[in-house]
There are 2 protein chains.
Amino acid sequence: MRALVIEDDPVSARLIETALRGDNIVVERVDNGEDGIELARLYDFDILLLDLTLPDMEGHEVLRRMRAARVRTPVLILSGRSQVDDKVRGLAGGADDYLTKPFNRAELLARIQAVVRRSKGHPESVIRTGKLTINIDAQSVEVDGQRVHVTGKEYNILELLSLRKGTTLTKEMFLDHLYGGRDEPELKIIDVFICKLRKKIATLTGGEHYIETIWGRGYVLKEPEGEAASRLEPETV
Amino acid sequence: MRALVIEDDPVSARLIETALRGDNIVVERVDNGEDGIELARLYDFDILLLDLTLPDMEGHEVLRRMRAARVRTPVLILSGRSQVDDKVRGLAGGADDYLTKPFNRAELLARIQAVVRRSKGHPESVIRTGKLTINIDAQSVEVDGQRVHVTGKEYNILELLSLRKGTTLTKEMFLDHLYGGRDEPELKIIDVFICKLRKKIATLTGGEHYIETIWGRGYVLKEPEGEAASRLEPETV
DNA sequence: TGGCGCCTTAAGACAGTATTAACAAATTAC
DNA sequence: GTAATTTGTTAATACTGTCTTAAGGCGCCA
């Protein structure tokens with residue numbers, strides 16, 4: 001997961017960054033609206049955390065201009081003020097959620113997860129693909145009802161695949177989201193992680209692993225055909 | 001797909017070329033307006049990417065002169081800064097879309113696809129021909145609702161046929177659009193790809209493949225006769 | 001019926017991908 | 001503080017899918 005924090009107060013910013021990094025989220029930060037709009041336009045973040053009081057322009061203005069520039073990334077507004085007015089204005093202006101400072105770490109993380117999930121079309125915090133289940137809240141993976149141990153990076157990759165189930169992700173996209181452009185390793189590492197994930201999944205499903213290779217392009221988490229139908233058949237009971 | 005980039009800055013040009021090539025687009029590039037007009041006049045590009053600041057003349061002037069020379073190729077303007085003024089002038093002068101630098105790779109590619117599609121008379125990103133469906137955005141192919149795996153080159157050929165549905169394409173045209181004159185293989189390769197495509201399509205339609213041979217000229221993607229009528233007949237149930 | 005173009009299959013070259021093992025770095029346990 | 005374990009990364013090698021060429025058979029047109 002990759003987030004952009006638009007916040008001028010260094011103390012707040014540091015707190016937020018620490019919280020997110022602790023949850024395996026790759027964080028970029030800018031301290032003004034102009035740079036925020038620019039970065040949001042250029043890169044594919046999963047979420048934008050937007051402070052309302054910025055040196056160069058008001059948060060609402062940042063949001064307005066981003067939406068005008070066709071930036072569709074979800075926005076979570078962080079505000080010091082707890083005024084209903086701001087909240088309404090924010091949500092009406094295209095924000096996806098609203099949090100007043102100070103906030104607690106767990107709530108911030110939960111809101112982020114929820115906003116990102118919903119923005120990708122997953123109302124539930126559990127994403128199922130055949131016998132594979134990913135629980136975004138718990139950051140856990142199950143296969144055929146049995147919990148599978150996956151490492152941090154392995155989980156990140158599987159989460160990315162799950163959130164964008166059905167769309168092909170290039171290796172470059174994985175790197176961007178997993179490392180945020182800093183100290184990026186070789187593209188090859190993605191193959192290795194995919195291989196490990198497949199092995200872990202396949203040993204419990206009896207062969208299926210749901211991660212399809214799109215030759216020359218990347219990987220997709222497959223929507224198993226006739227998913228609904230197979231669920232109607234007596235499987236586990 | 002074949003694009004002409006009219007851009008004098010080598011850094012920008014390289015970025016653009018890399019992005020397009022990664023998406024299987026054949027790219028030609030010139031670094032001034034005069035050459036741009038000449039090439040656009042002479043060859044059949046799917047799109048022109050036009051920088052506004054060129055050494056010999058302004059981008060708007062290039063556009064004006066191309067249109068005066070009856071070049072109908074769609075134009076996507078790339079400008080250094082987000083000046084509303086430029087935007088209005090560009091679109092008013094016959095440009096089809098507008099993007100400010102720097103831009104995000106995915107957005108550039110999406111805009112190109114959209115502009116090209118529309119210029120060929122397809123407002124939707126999905127092109128249907130009988131039971132055959134091509135999704136330009138996802139670069140995927142479906143037959144009778146079922147996804148068909150096609151390789152990169154196979155897809156490129158089918159996309160070309162779809163975008164120009166109803167018009168005959170010679171093998172030379174296929175080569176030009178698929179290879180852009182560089183390292184072109186034998187003409188015969190087109191036969192081979194067409195054959196493979198037909199087979200893949202026909203196995204799922206029960207015989208129809210929609211790709212017609214125009215003897216001595218080339219191939220067309222043809223709308224099956226009585227399309228509407230056959231749909232009214234009881235098919236599955 | 002001859003000639004040319006088209007259809008189809010097969011096979012090799014090549015490039016992208018899978019898999020494993022070994023090593024380095026970080027974390028945890030004691 | 002050191003050893004044990006886990007995690008992340010790279011390199012080597014085997015593998016697989018794709019592109020291309022070639023070759024034989026078939027069909028179209030004169």
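We name chains A, B, ... by the order of the sequence lines, and we start the count at 1 in each one. All of these numbers come straight from a predicted model, not from anything done at the bench.
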From the set dT20(D), dT17(C), dA18(C), return the single nucleotide nearest to any side-chain atom of V192(B). dT20(D)

Ranking dT7(D), dT21(D), dC6(C) by distance to the side chain of W215(B), first place goes to dC6(C)

Pairing of E142(B) and R147(B) as salt bridge, 4.0 angstrom limit: no

In whole angstrom, give the distance that lies between atom CD of E184(B) and atom P of dC19(D). 16 Å

Exceeds 12 heavy-atom contacts within 6.0 angstrom, atom CZ of R14(B): no

Can you check the D191(B) CG to dA22(D) P distance for me, whole Å? 14 Å

May I ask you to say whether D96(A) pairs ionically with K120(A), meaning some side-chain N is under 4.0 Å from a carboxylate O? no

Output the rounded distance in Å from CD1 (I201(A)) to P (dA18(C)). 14 Å

Using a heavy-atom cut-off of under 4.0 Å over every strand shown, decide if K196(A) touches base, sugar-phosphate, or nothing. base

Within the supplied structure, the quantity of interest is the number of heavy atoms (other residues, nucleotides, ligands) at a distance under 6.0 Å from Y43(A) OH; does it exceed 12? no

Find the distance F193(A):CZ to dT6(D):C1' and express it as a whole number of Å. 12 Å

Which nucleotide, dT21(D), dT20(C), dT9(C), lies nearest any side-chain atom of C195(B)? dT9(C)

Is it the case that the base of dT13(D) and the side chain of K188(A) share a donor-acceptor contact (distance under 3.5 Å, atom types as modelled)? no

Separation of atom CZ in R217(A) from atom C1' in dT18(D), rounded to whole Å: 15 Å

Does a side chain donor of either Q139(A) or N24(A) reach within less than 3.5 Å of an acceptor in the other side chain? no

Any residue of residues 14-28 of chain B with a heavy atom less than 4.0 Å from an atom of DNA chain D: none

Does one side chain, of R118(B) or S125(B), offer a donor that lies under 3.5 Å from an acceptor on the other? no

Rounding to an integer number of Å, can you tell me how far I214(B) CD1 sits from dC28(D) C1'? 13 Å

Please state how far atom CD in E212(A) lies from atom C1' in dA18(C), giving the value in whole angstrom units. 16 Å

Heavy atoms within less than 4.0 Å of DNA chain D: which residues of residues 152-167 of chain B have one? Give them sorted by number. G152(B), K153(B)

Closest listed nucleotide, where the reference is the side chain of T213(A) and the choices are dA18(C), dT9(D), dT9(C): dA18(C)

Scan side-chain atoms only and decide if D191(A) and Y219(A) contain a donor-acceptor pair under the 3.5 Å cut-off. yes

K165(B) side chain to T129(B) side chain, donor-acceptor N/O pair below 3.5 angstrom: yes

Test: D97(B) and R111(B) ion pair at under 4.0 Å: yes

Quick check on the helix from dT1(C)-dA30(D) to dC30(C)-dG1(D): what's the angle between its two end axes, five base pairs per end, to the nearest 10°? 30°

Any side-chain heavy atom of F174(A) sitting closer than 4.5 Å to one from L161(A)? yes

Would you say dC19(D) has OP1 or OP2 under 4.0 Å from some side-chain N or O of T151(B)? yes

Paired with K200(B), the side-chain hydrogen bond (donor to acceptor under 3.5 Å, both in side chains) test is passed by just one of H209(B), H149(B), E154(B), namely E154(B)

CG of D183(B) versus C1' of dC14(C): gap in Å, rounded? 14 Å

Working to the nearest 0.5 Å, report the span between NZ of K101(A) and CG of L15(A). 9.5 Å

It should be established whether Y219(A) places a side-chain nitrogen or oxygen under 4.0 Å from OP1 or OP2 of nucleotide dA18(C). yes

Of the options dT20(D), dG8(D), dT18(D), whose atoms approach the side-chain atoms of H149(B) most closely? dT18(D)

